[in-house]
Amino acid sequence: MDKIIRYIIVFFIGMGLSLTSKAQINTDQVMQVGKNALYFEDYILSIQYFNQIIAAKPYLAQPYFFRGLAKYNLDDYQGAIADASLALERNPFLNDAYELRAVSYQNIGESKKAIEDYEYILKSMPGNKNILFNKALAEEEIKDFDKSTETFEKLLSLYKNYDAGYVGRARLKLEKGDTVGALEDVDKALSINKNLVNAYLIRADVAINSHADYARALEDMNEAIKLQPRLAGFYINRAFLRYNTDDYFGAVSDFDYAIQLDPTNPTAYYNRALLLSEVRDYDKALDDLNKVVSLKGMDYRALYNRSIVKKAKRDYNGALDDINAVIEAYPSLAAGYFLRSEIRRDMGDRRAKDDFDRSMALAKQRVTKKGKKSSNTSSPNVNMSTEGPKTDSEEAFDQLIMGDDESQESVAAKFSSLLTVEDNTTIGHEFNNKNIRGKVQDRNMNIGVEPMFAASYYNSPTELKPNPEFIKEVDEINRTRALRFVLQVTNNEPVLNDDDEIKRHFDSVNYYNSYLSTHTPRAIDYFGRAMDFLTLRDYDKAISDFSRAIELSPDFTMAYFMRSIARLRNMESPKYDPADNGSPTLTLANLSSQERRAKTAEAMADIDEVIKLSPDMPIAHYNKGVLLIEMQDYTSALNALNKAISLKPEFGEAYYNRGYVYYMLGDRDSGSADVSKSGELGVIQSYNLLKRMNIK
């Protein structure tokens, strides 16, 4: 869309309104800086600038639109829809916002709503190429093939050399069963532009599904890989084709390279395991299937095949565990009972005959998942633009597993596996979108809850969070200047590895030792020494000094606050056994569950005391929520995080953790809303989690 390009690249450079008030000038400057950040693909940073404008002038439409555009580029489509709608409430004639909302709708499968927005734009811009193209795709997605055909005809009558239009219409013709027409459009597109990846993929699809011509399909996949050589999915697809042209080593090589490109790609591991099993390399096959299960959790195809591999390795108990899990999920799967009968036969278990008889009785029935009625949906054809084609039996089993509506349990299971999206090139919705460095959602991150906040002498400021958090009691301590160093509140404390800094804190401990031996002890002195011990990771002494401070001053809020932190860190810290030559042993491994519960209860008691003394401290409620999450008490964690957010409505980390809990409970909608909000408030990993959790 040319107009958006002008907005983002050119127009903001020359913006210079003649404004009178200083506040108005500052707002304009922030808008310009925000657009600059957006142009340079710093999406997270640009959102923060647009937030400032919205806070100052919530009646302006453009900041909402540009914030929505940033969210769109972060794959936060729900957030983009919300912002585009807010922009349209303020300016109902902003076509760019209609397009942003429409494309976002399309990306989440709300194609009917997308079409409504496209039709509104076409009233004033009837010949807009991108809008016509996207509308045709949306109409195809809702199976309105006649309307889609009509839209493509109009598009290509206006733009006769629009290569993507021919590729899009080829897809439509394939949906309608017109293979000849689809190939004509593909050939036309390639005559205009030889570098169309999707054209080669479509032609490969046709070669496979219409003629089983794997050699011809392989030629087209080779061309696609020449054009985009860094997509793991393409190598998975080519491996399938090489396998079907009897190039076993070429297939394994492609799977190896796909894994090198994307070490978290479960399809590559799964398919490679099948090939390794064929040549009886069971050890490597088992490693690959273990990797699939670690990436995807209860992947029943992997469990089924792992059971076969374990049986071949004579690990009958392990094989039995895996096939039992499959049968539990699919109690009418005849193949499951047949495999179990073979395992039990090899084990000498007389129940083998019962399983064999059951498999024969079920052989002619449709397979359904536990608690589901059977459907008449047939297996889809191989599609070269997906994660990788499979054989008919694998595809049917895959659909059997993936075809059910997602329950709360499946959402929670998906969350625990946190599968990264795989490379996939399809005909996309055009919105000036580029694969660029600013897409933080595509970076592999370790996903977990945002950690607790603590008072510290050190912080790791970032561009998005240059300042520490505020706790009134910490500010009061700093104002007294009673401590030797200034306290900051952070949940991103840096590692202390500078020799001079470490020496400063040992010297500080010596100072407190001398001072306390010659003066009447004060609570703040014990607190100060405790903070030094905590910084030096001497948690036992820190806990002891925080306790002494509390004895002298029972209402010392921050002493309770920091003792809870010290107790929790002490639980997870390595301990050294002199009898073991100083080798570290994790405390966690040595604590019984009863001891761990007792120590956690002590930390929780300290947090509760902080809340009693300072009930309006949002960070105290937040920390309680984090600890409750670790205790897997999700309902109570939600209550604590709700309180933190009610006290501090812009508490990004609290939104993130609450969204995390909602995901754990299987509530995708609430989780996505909260994680989207946390991203808006500057929690960077929000977009990575949001993308992973909304992969269909």
Side-chain angles (χ1 to χ4, degrees), residues 26 30 44-45 47-49 51-56 449-494 523-524 527-528 530-532 534-535 546 549-550 553 555-566 568-569 603 606-627 637 640-658 674 677-686:
N26 287 341
V30 172
I44 297 284
L45 181 60
I47 287 173
Q48 307 311 306
Y49 287 121
N51 286 345
Q52 294 177 34
I53 302 169
I54 289 167
V449 296
E450 278 289 288
M452 291 184 178
F453 283 87
S456 171
Y457 292 135
Y458 300 94
N459 186 21
S460 294
T462 66
E463 191 172 8
L464 297 180
K465 295 195 69 174
N467 300 314
E469 292 292 325
F470 177 81
I471 292 179
K472 175 174 62 71
E473 289 79 1
V474 170
D475 185 59
E476 290 171 351
I477 291 173
N478 285 333
R479 287 176 182 273
T480 66
R481 299 187 178 181
L483 297 180
R484 293 169 57 79
F485 310 104
V486 175
L487 287 178
Q488 303 176 72
V489 180
T490 181
N491 72 339
N492 187 27
E493 189 175 354
I524 192 65
F527 181 86
M531 287 300 303
D532 282 318
L534 189 68
T535 304
F546 285 132
I550 289 168
S553 181
D555 61 349
F556 196 161
T557 303
M558 288 308 299
Y560 289 105
F561 185 100
M562 291 308 301
R563 189 170 69 176
S564 72
I565 298 295
L568 291 170
R569 291 182 183 176
D606 278 343
I607 295 175
D608 285 337
E609 189 64 28
V610 173
I611 291 173
K612 178 181 176 182
L613 293 169
S614 186
D616 294 331
M617 185 192 296
I619 285 177
H621 295 280
Y622 168 87
N623 280 6
K624 182 174 183 177
V626 174
L627 184 54
L641 293 168
N642 288 342
K643 183 64 176 177
I645 290 169
S646 70
L647 291 169
K648 184 182 177 184
E650 302 299 297
F651 201 160
E653 290 82 359
Y655 280 106
Y656 178 89
N657 284 352
R658 191 172 71 176
D674 272 351
K677 181 66 175 177
S678 69
E680 180 183 306
L681 294 170
V683 181
I684 294 176
Q685 59 267 38
S686 300

(message) Keeping Asn623 on the side-chain end and Phe453 on the backbone end, is there a donor-acceptor pair under 3.5 Å?
(response) yes
(message) Whether the side chain of Asn657 engages the backbone of Val449 through a donor-acceptor N/O pair (distance < 3.5 Å, no angle test) should be reported.
(response) no
(request) Consider only side-chain N and O atoms of Asp606 and Ser564, and report whether a donor and an acceptor are under 3.5 Å apart. (result) no
(message) Give me the atom names and distance for the closest heavy-atom approach of Val489 to Pro468.
(response) O-CB, 3.3 Å
(message) With rounding to the nearest 0.5 angstrom, report the CE to CG distance, Met452 to Leu568.
(response) 5.0 Å
(message) Can a donor-acceptor pair be found, under 3.5 Å and without considering hydrogens, that links the side chain of Tyr655 to the backbone of Pro649?
(response) yes
(request) Keeping the roles fixed (side chain from His621, backbone from Asp616), state whether a donor-acceptor pair exists under 3.5 Å. (result) no
(request) Indicate whether the side chain of Glu493 and that of Ser456 have a donor and an acceptor atom separated by less than 3.5 Å. (result) yes
(request) Apply the test side-chain hydrogen bond (donor to acceptor under 3.5 Å, both in side chains) to residues Asp555 and Ser553: give CA-CA distance (whole Å), side-chain angles for both, the deciding distance (0.1 Å), then the verdict. (result) CA-CA 5 Å; Asp555 61 349; Ser553 181; 3.1 Å; yes
(message) Within the structure provided, determine whether Leu641 and Phe651 are in side-chain contact (heavy-atom separation under 4.5 Å).
(response) no
(message) What's the separation between atom CD1 in Ile471 and atom OG1 in Thr557, rounded to the nearest 0.5 Å?
(response) 10.0 Å
(message) Quick check for you: to the nearest 0.5 Å, what is the distance between Ile477 atom CD1 and Ile524 atom CD1?
(response) 5.0 Å
(message) Tell me the closest heavy-atom pair linking Val683 and Tyr656, and the distance in Å.
(response) CG1-CD1, 4.0 Å
(request) Scan side-chain atoms only and decide if Asn478 and Thr480 contain a donor-acceptor pair under the 3.5 Å cut-off. (result) no
(message) To the closest 0.5 Å, what do you measure between CD1 (Ile565) and CE (Met531)?
(response) 10.0 Å
(message) Rounded at 0.5 Å granularity, tell me how far CZ in Phe527 sits from CG in Asp532.
(response) 10.5 Å
(message) Quick check: do Glu473 and Leu613 have side-chain heavy atoms less than 4.5 Å from each other?
(response) no
(message) I'd like to know if the side chain of Ser686 pairs up with that of Ser678 as donor and acceptor (distance under 3.5 Å, no hydrogens or angles considered).
(response) yes
(message) Could you walk me through whether Leu487 and Tyr457 satisfy the side-chain contact (heavy atoms from CB on, under 4.5 Å) test, starting with their C-alpha distance in whole Å, then the side-chain angles of each, then the deciding distance to 0.1 Å, before giving a yes or no?
(response) CA-CA 5 Å; Leu487 287 178; Tyr457 292 135; 3.5 Å; yes
(request) List the atom of Ile607, the atom of Ala620, and the distance in Å for their closest heavy-atom pair. (result) CG2-O, 3.7 Å
(request) Would you check if Asp608 and Tyr560 make a side-chain contact, meaning some heavy-atom pair closer than 4.5 Å? (result) no
(message) With heavy-atom distances below 4.5 Å as the criterion, would you say the side chains of Phe485 and Thr535 are in contact?
(response) no
(request) Measure across Leu647 and Pro615 and return the closest heavy-atom pair with its distance rounded to 0.1 Å. (result) CD1-O, 3.8 Å
(request) To the nearest 0.5 Å, tell me how far Met562 CE sits from Leu534 CG. (result) 5.0 Å
(request) For the pair Arg658 and Asn642, evaluate side-chain contact (heavy atoms from CB on, under 4.5 Å) and give the outcome as yes or no after the intermediate values. (result) CA-CA 8 Å; Arg658 191 172 71 176; Asn642 288 342; 2.7 Å; yes
(request) Take Val474 and Phe561, measure what side-chain contact (heavy atoms from CB on, under 4.5 Å) needs, and give me the verdict at the end. (result) CA-CA 11 Å; Val474 170; Phe561 185 100; over 6 Å; no
(request) Take Met558 and Glu476, measure what side-chain contact (heavy atoms from CB on, under 4.5 Å) needs, and give me the verdict at the end. (result) CA-CA 11 Å; Met558 288 308 299; Glu476 290 171 351; over 6 Å; no
(message) If you compare all heavy atoms of Gly528 against all heavy atoms of Leu483, which two are closest, and at what distance to 0.1 Å?
(response) CA-CD2, 3.5 Å
(message) Any heavy-atom pair between the side chains of Pro451 and Asn491 that's under 4.5 Å?
(response) yes
(request) Indicate yes or no: does Glu469 engage Lys648 in a salt bridge with an N to O separation below 4.0 Å. (result) yes
(request) Taking only Lys NZ, Arg NE, NH1 and NH2, and the carboxylate oxygens of Asp or Glu, determine whether Glu680 and Lys677 approach each other closer than 4.0 Å. (result) yes
